[in-house]
Colleague: 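Take this structure first; my questions come after.
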Amino acid sequence: MAEKYDSKTLDKKWQQKWADDKLYEVKDNDPRPKWYALTMFPYTSGDLHIGHWYNYVPADVSARYKRMRGFNVLHPMGFDAFGLPAENAAIKRGIHPNTWTMQNIDNMRRQLKSIGGIYDWNREVITCLPEYYKWTQWFFTKLFEHDLAYHGKAPVNWCPKCQVVLANEQVENGKCWRCESEVVRRDLEQWLLRITRYADELMVHEGIDWPERIKIMQRNWVGKSYGTEISFALDHPGVTEKEIRIFTTRPDTVYGVTFMALAPEHPLVARLTTPEHKAEVEAYIARCRQFTEIERLSTEKEKDGVFTGAYCINRLNGKKVPIWIADYVLSSYGTGGVMAVPAHDERDFAFAKKYNIPIPVVISPPDWDGKELEVAYIEPGKMVNSAQFNGLPSEKGIEAVSIYLEEKGWGKRTVSYKIRDWLISRQRYWGPPIPMIHCPKCGIVAVPEKDLPVMLPETADFRPTGESPLKYNEKFINTTCPRCGGPAKRETDTLDGFMCSCWYFLRYCSPHYDKAAFDPKAVKHWLPVDIYTGGAEHAVMHLLYTRFFIKAIRDMGLVDFGEPFTKLFNQGIIIADHQKMSKSKGNVVNPDVYVSDLGADTVRAYLMFLGPWDQGGEWDDSGISGMSRWLNRVWNLALDEYSSKGSGGDEELVRLTHQTIKKVTEDVERLHFNTMVAALMEFSNYLGKVKESGSASVKEWKTSVKALLLMLAPTAPHLAEEIWQKLGYAYSIHNQRWPDWDESLTKTEEITLVIQVNGKLRERVTVPASISAEEAKKLAADQDKVKPFLEGKQVVNIIYVPGKLVNIVVK
RNA sequence: GCCGAAGUGGCGGAAUGGCAGACGCGGCGGUCUCAAAAACCGUUGAGGGGUAACUCUCGUGCCGGUUCGAAUCCGGCCUUCGGCACCA
């Protein structure tokens, strides 16, 4: 009997040796083809739960497999280290965000090392270190230089008592979570990135292999719609503008307009409102401000609004159209105003009903009786009450009306997008300071590269209001203008953490390079990323931001590709108690316990065996002992003395070995790890039987065990390495080639032919693989178990699927 | 409301037009043991018939369709999960 399998000592022993030997060190100048396997780096929340392992283990297995297939694999790891939780910890517990974050990193790095991954820790990237955020800031100045970053007004949640911006989560029932003052919507000066400039390109996912649903989510988020901008004539005392322009996708309904609806924030509102409506309008606007954006946009909320007292003219029919303001109109979409056609739009319909505004039909439903509509009719139909367009199908009318408007100069076809510019400034401490200087003479000036990074001051006075301590740090604020040398003030906002994660995968390529954000040679070598794995929750945040960022720096000539991630794979989520794991819910499952109990390999294999990787599921450890048992069996199987009693079983053993190599290779290529592990189990079960009977020669036995170990190496790296060494093979198993299979050896000379009658299984016979169709059909009808089902029936057809089955169809 | 994914034994799941339930957990029976645990071996979808080897019927959320043949393809519905949600 071989020595017992002891996972604990093996984990430590090999992790130490691999580190000492720099086994997983990645070099750029390596003749092998490159493979960049990226996995989303963790946020430094404190500790990794089992869900993180579910993300990282299969990614590591896949990367290890590629390594064994002869690729020079870059599979790096780092930490997304800037963000709000660090600052909240500071406010709550008086611990400095930097201390909190770096402690968390130490713990998480320890955990990550216990997985036994192939991370090259020399390439670790931490976004909150000055050597990293220097370049995050540098990128920001580049974006500013290229007019992709700008300072402008954006609506935010504002607490007037605390004098602070609140995140949506910090607003409870319209009140500040700290002081319970009424929260107000306010337009504040913010920094934004012009992601909208890339809207069209972001909708296209050409040449990249991404999950369909992520592509759909991104396209919906960008939300491109084709429509027409229509000018309504305006003649209002004291207003210089002679028109109101609106965007519509339904110009065919323009003859049914019975009111205009402007967003409360629309710039014309104040000037259009007549004196007798002023009080009402102002009260309404004030009330709107009390809603958060989320509440205001809720479909639950009843649509309401007020009349301004002003009118404009529908140029197509000369009708006078009352101008209302309504909070269902968004100031940030289209032109901030809509032409309301209540008969053919659900929202306008509800509004018109409430305020008794007429609802004339201009698109006739198929069997319309001329009566008033009960609900808005939004489907296509025939145009009616629309002057020269009457009788035209509405789909055609869209174009016809648009062309007419263009001819008259009353409108033009255009496109509109749902996506907004990316609000990137945060009134917070724990982020990269936005490297901008406000000079009273020169205006906004970027901090030049030589003065970067703009260091985050260490001493910080954290206020219970959640305000950025930077705002009150005189030493930080006061500076000189890089252009005129005069006194100036620093920007005190910091950058959104998502800006840091836009380029971390570039930094991995040359993490210690100090002349630029990255060494262009290294990035040219490694990028784009061959496979990116991570959660789908980033579909319209990180993944969209990053695509924008890369396209932007491509256009600056910094990189020569526009899509950073060639293939994207979203793993599923491990849940506990039917919900996502999170500290606040207290349902996090700590992997450390399992690792110290059962060893990393068991936990690795178990996570992969749970089910399809993209599916995730409820965490349940009831089966993990089975995985432990299996690895034990493999240990004994490989290390116990094998005594052969002949070579009669060689043929079958060789065949099963090659079949398994084929199956396992195909599964790992497709990231089907659960069936890959199952195939390895089946194979080892079979080897157990061979060992029992001694039916194969020692030579074939050894070859098969070797193949099993090589295929097991990515999944159970410690166990495989130990057995490999004990069997006397050369260190390290992880530098070996993945086994190949010979297709001809996977085939059998005899096959099992399935015989069906009317599609129902009736018999199985073993026949030579070379059997002809005629023979097979004849044989099938001759079977004793088949005959009774043919008796008294007429055979109408016989289907033969070569190598598989015969189906006799009877009547 | 709209978009997307998924529904298979007691449980996780396998099979994506051809033997439903691979592999594992759990259960049951056994070996070992004074006994138990561990380990190992056998068995395990439901229902029926047979002393038995065995054998038949039903069965992949529900209803219908296509096909020689459907878990798999098509249409309709139900349920669960994820995303978006007044975008004119």
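Every chain is numbered from 1 and lettered A, B, ... according to where its sequence line falls, protein lines coming before strand lines.
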Colleague: Is there a donor-acceptor pair under 3.5 Å between the side chain of Asp614(A) and the backbone N or O of Phe569(A)?
Modeller: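 No: the side chain of Asp614(A) does not pair with the backbone of Phe569(A).
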Colleague: A88(B) C1' sits how many Å from Glu229(A) CD, rounded?
Modeller: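 Rounded to whole Å, this separation is 13 Å.
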Colleague: Would you confirm whether Arg762(A), through its side chain, and Lys787(A), through its main-chain N or O, come within 3.5 Å as a donor-acceptor pair?
Modeller: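 Here the side-chain-to-backbone pair does not exist.
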Colleague: Under 4.0 Å between any heavy atoms, over every strand shown, what does Thr752(A) touch: base, sugar-phosphate, or nothing? Just pick one.
Modeller: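 Result for Thr752(A) = nothing.
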Colleague: Under a 3.5 Å cut-off for both distances, is A70(B) Watson-Crick or wobble paired, and to whom?
Modeller: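 Pairing partner, where one exists within any strand: none, as none qualifies.
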Colleague: Reckon Val338(A) touches a base, only the sugar-phosphate, or nothing at all at heavy-atom distances under 4.0 Å?
Modeller: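 Answer is base: heavy atoms of Val338(A) come under 4.0 Å of a base.
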Colleague: Trp221(A) ring centre to Arg547(A) NZ or CZ under 6.0 Å, with the angle to the axis within 45°?
Modeller: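 No.
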Colleague: Nearest of G18(B), A88(B), A14(B) to any side-chain atom of Thr675(A)?
Modeller: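 It is A14(B).
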Colleague: For Val801(A) and Asn220(A), take the nucleotide of RNA chain B holding the closest heavy atom to each; which residue's nucleotide lies nearer the 5' end?
Modeller: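 Its nearest nucleotide lies further toward 5', so the answer is Asn220(A).
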Colleague: Determine the interatomic distance between P on U51(B) and the same-named atom on G69(B); round to the nearest Å.
Modeller: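 These two P atoms come out 37 Å apart once rounded.
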Colleague: Indicate syn or anti for G69(B), taking the glycosidic torsion and treating anything within 90° of 0 as syn.
Modeller: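 Classified anti.
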Colleague: Mind checking if Arg219(A) touches a base, just sugar-phosphate, or nothing, with heavy atoms under 4.0 Å?
Modeller: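 Nothing, no nucleic acid heavy atom in range.
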Colleague: Roughly how far apart, to the nearest Å, are C11(B) and G65(B) at atom C1'?
Modeller: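 Straight-line distance between the two C1' atoms is 34 Å.
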Colleague: Would you measure the distance from the C1' atom in A22(B) across to the matching atom in G76(B) and give it in whole Å?
Modeller: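 Result for the C1' pair: 33 Å, nearest Å.
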Colleague: Please report, rounded to the nearest Å, how far the P atom of C81(B) is from the CD1 atom of Ile575(A).
Modeller: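 About 10 Å, once rounded to whole Å.
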Colleague: If we take the C1' atom in both C77(B) and C86(B), what is their distance in whole Å?
Modeller: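 Nearest-Å result for C77(B) against C86(B) at atom C1': 29 Å.
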Colleague: NA contact type, Ile799(A), heavy-atom cut-off 4.0 Å: base, sugar-phosphate, or nothing?
Modeller: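 Base, at least one base heavy atom under 4.0 Å.
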Colleague: Touch check for Glu346(A), heavy atoms < 4.0 angstrom, all strands: base, sugar-phosphate only, or nothing?
Modeller: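 Answer is nothing: Glu346(A) stays at 4.0 Å or more from every strand.
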Colleague: If I take atom CD1 in residue Ile574(A) and atom P in nucleotide G82(B), what distance separates them, rounded to the nearest angstrom?
Modeller: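 Nearest whole value for this atom pair: 15 Å.
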Colleague: Has Gln571(A) got a side-chain atom pairing as donor or acceptor with Gly616(A)'s backbone, closer than 3.5 angstrom?
Modeller: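 Answer holds: no.
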Colleague: From CG of Asp327(A) over to P of A88(B), roughly how many Å is that when rounded to an integer?
Modeller: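 The distance from CG of Asp327(A) to P of A88(B) comes to 18 Å, rounded to the nearest Å.
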Colleague: Could I get a table of every N or O pair under 3.5 Å where one atom is in the protein and the other is in nucleotides 25-32 of chain B?
Modeller:
residue : atom : partner   : partner atom : Å
C25(B)  : OP1  : Arg629(A) : NE           : 3.3
C25(B)  : OP1  : Arg629(A) : NH2          : 2.7
C25(B)  : O2'  : Ser622(A) : O            : 3.2
G26(B)  : OP2  : Arg629(A) : NH2          : 3.2

Colleague: Using Watson-Crick or G-U wobble geometry with both distances under 3.5 Å, which nucleotide pairs with G42(B)?
Modeller: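 Paired with C28(B).
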Colleague: Could you measure between the two C1' atoms, the one in A20(B) and the one in A71(B), and give it in whole Å?
Modeller: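 It comes out at 8 Å once rounded to the nearest Å.
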Colleague: Whole-Å distance between A20(B) P and Leu761(A) CG?
Modeller: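 Going from CG in Leu761(A) over to P in A20(B) covers 5 Å.
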Colleague: By the 4.0 Å heavy-atom rule, please label Glu682(A) as base, sugar-phosphate, or nothing.
Modeller: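 Touches sugar-phosphate only.
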Colleague: Please give the distance between the C1' atoms of G59(B) and G9(B) as a whole number of Å.
Modeller: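 Pairwise C1' distance, G59(B) against G9(B), rounds to 10 Å.
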Colleague: Specify the separation, in whole Å, of atom OH of Tyr417(A) and atom P of A88(B).
Modeller: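 After rounding, the gap between these two atoms is 13 Å.
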Colleague: OP1 or OP2 of U55(B) less than 4.0 angstrom from a side-chain nitrogen or oxygen of Lys785(A), does that happen here?
Modeller: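 True: Lys785(A) side-chain N/O within range (under 4.0 Å) of U55(B) OP1/OP2.
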Colleague: Strictly by Watson-Crick or wobble contacts shorter than 3.5 Å, is anything paired with A5(B), and which nucleotide is it?
Modeller: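 Partner of A5(B): U80(B).
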Colleague: Less than 6.0 angstrom separating the ring centers of Tyr355(A) and Phe259(A), yes or no?
Modeller: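 No, the ring of Tyr355(A) stays outside the 6.0 Å limit from the ring of Phe259(A), centre to centre.
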Colleague: Using only atom types and a distance under 3.5 Å, with no angle test, would you say the side chain of Asn674(A) pairs donor to acceptor with the backbone of Trp613(A)?
Modeller: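 A pair under 3.5 Å: no.
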Colleague: When both hydrogen-bonding distances must be under 3.5 Å and the geometry is Watson-Crick or G-U wobble, what is C23(B) paired with, if anything?
Modeller: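 When the pairing criteria are applied, G12(B) turns out to be the nucleotide that pairs with C23(B).
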Colleague: Checking all strands, does Leu805(A) fall into the base, sugar-phosphate, or nothing category for heavy-atom contacts under 4.0 angstrom?
Modeller: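 The answer is base, as Leu805(A) lies within the cut-off (heavy atoms under 4.0 Å) of a base atom.
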Colleague: What's the closest nucleotide to the Phe789(A) side chain, out of U57(B), G13(B), A88(B)?
Modeller: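 Closest nucleotide among those given: U57(B).
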Colleague: Does Gln756(A) contact G18(B) through a side-chain donor or acceptor facing the base, at a distance under 3.5 Å?
Modeller: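 Between G18(B) and Gln756(A), which were checked side chain against base, a qualifying N/O pair under 3.5 Å is present.
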Colleague: Nearest nucleotide by nearest heavy atom, which residue falls closer to the 5' end of RNA chain B, Thr248(A) or Pro612(A)?
Modeller: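 Its nearest nucleotide being more 5', the pick is Pro612(A).
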Colleague: How many whole angstroms separate atom CD of Gln615(A) from atom P of C81(B)?
Modeller: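 Roughly 15 Å, once rounded to whole Å.
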Colleague: For atom C1', what is the distance between U16(B) and U8(B), given to the nearest Å?
Modeller: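 My reading of the C1' atoms in U16(B) and U8(B) gives 13 Å.
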Colleague: U57(B), A88(B), G12(B): which one has an atom nearest the side-chain heavy atoms of Phe609(A)?
Modeller: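 Taking heavy atoms from C-beta onward, the closest nucleotide is G12(B).
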Colleague: Hey, do the aromatic rings of Trp324(A) and Phe351(A) have their centres closer than 6.0 Å?
Modeller: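 Distance test on ring centres: under 6.0 Å, yes.
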Colleague: Under a 3.5 Å cut-off for both distances, is U51(B) Watson-Crick or wobble paired, and to whom?
Modeller: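 The answer is none; no pair meets the criterion.
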Colleague: Reckon Asn685(A) touches a base, only the sugar-phosphate, or nothing at all at heavy-atom distances under 4.0 Å?
Modeller: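 Touches sugar-phosphate only.
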Colleague: Between Arg670(A) (CZ) and U16(B) (P), how many Å, whole number?
Modeller: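 After rounding, the gap between these two atoms is 8 Å.
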Colleague: Is Asn314(A) reaching over with its side chain to a backbone N or O of Val254(A), donor-acceptor style, under 3.5 angstrom?
Modeller: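 Such a contact is found between Asn314(A) side chain and Val254(A) backbone.
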Colleague: Quick check on Lys354(A): does its NZ atom have over 12 non-hydrogen neighbours (other residues, nucleotides or ligands) under 6.0 Å away?
Modeller: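 Atom NZ in Lys354(A) is packed in, count exceeds 12.
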Colleague: What are the two closest non-hydrogen atoms of Gly535(A) and Met40(A), and how far apart are they?
Modeller: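 Heavy-atom minimum between the residues: N-SD, 3.7 Å.
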Colleague: Under a 4.0 Å N-O cut-off, is there an ion pair linking Glu212(A) with Lys215(A)?
Modeller: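 Yes, charged N to carboxylate O under 4.0 Å.
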Colleague: Which is true for Asn674(A) with a 4.0 Å heavy-atom rule: it touches a base, it touches only sugar-phosphate, or it touches nothing?
Modeller: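 It contacts sugar-phosphate atoms only.
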Colleague: With C1' as the reference atom in both, quote the distance from A14(B) to G24(B) in angstrom, rounded to an integer.
Modeller: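 Looking at atom C1' only, A14(B) and G24(B) are 11 Å apart.
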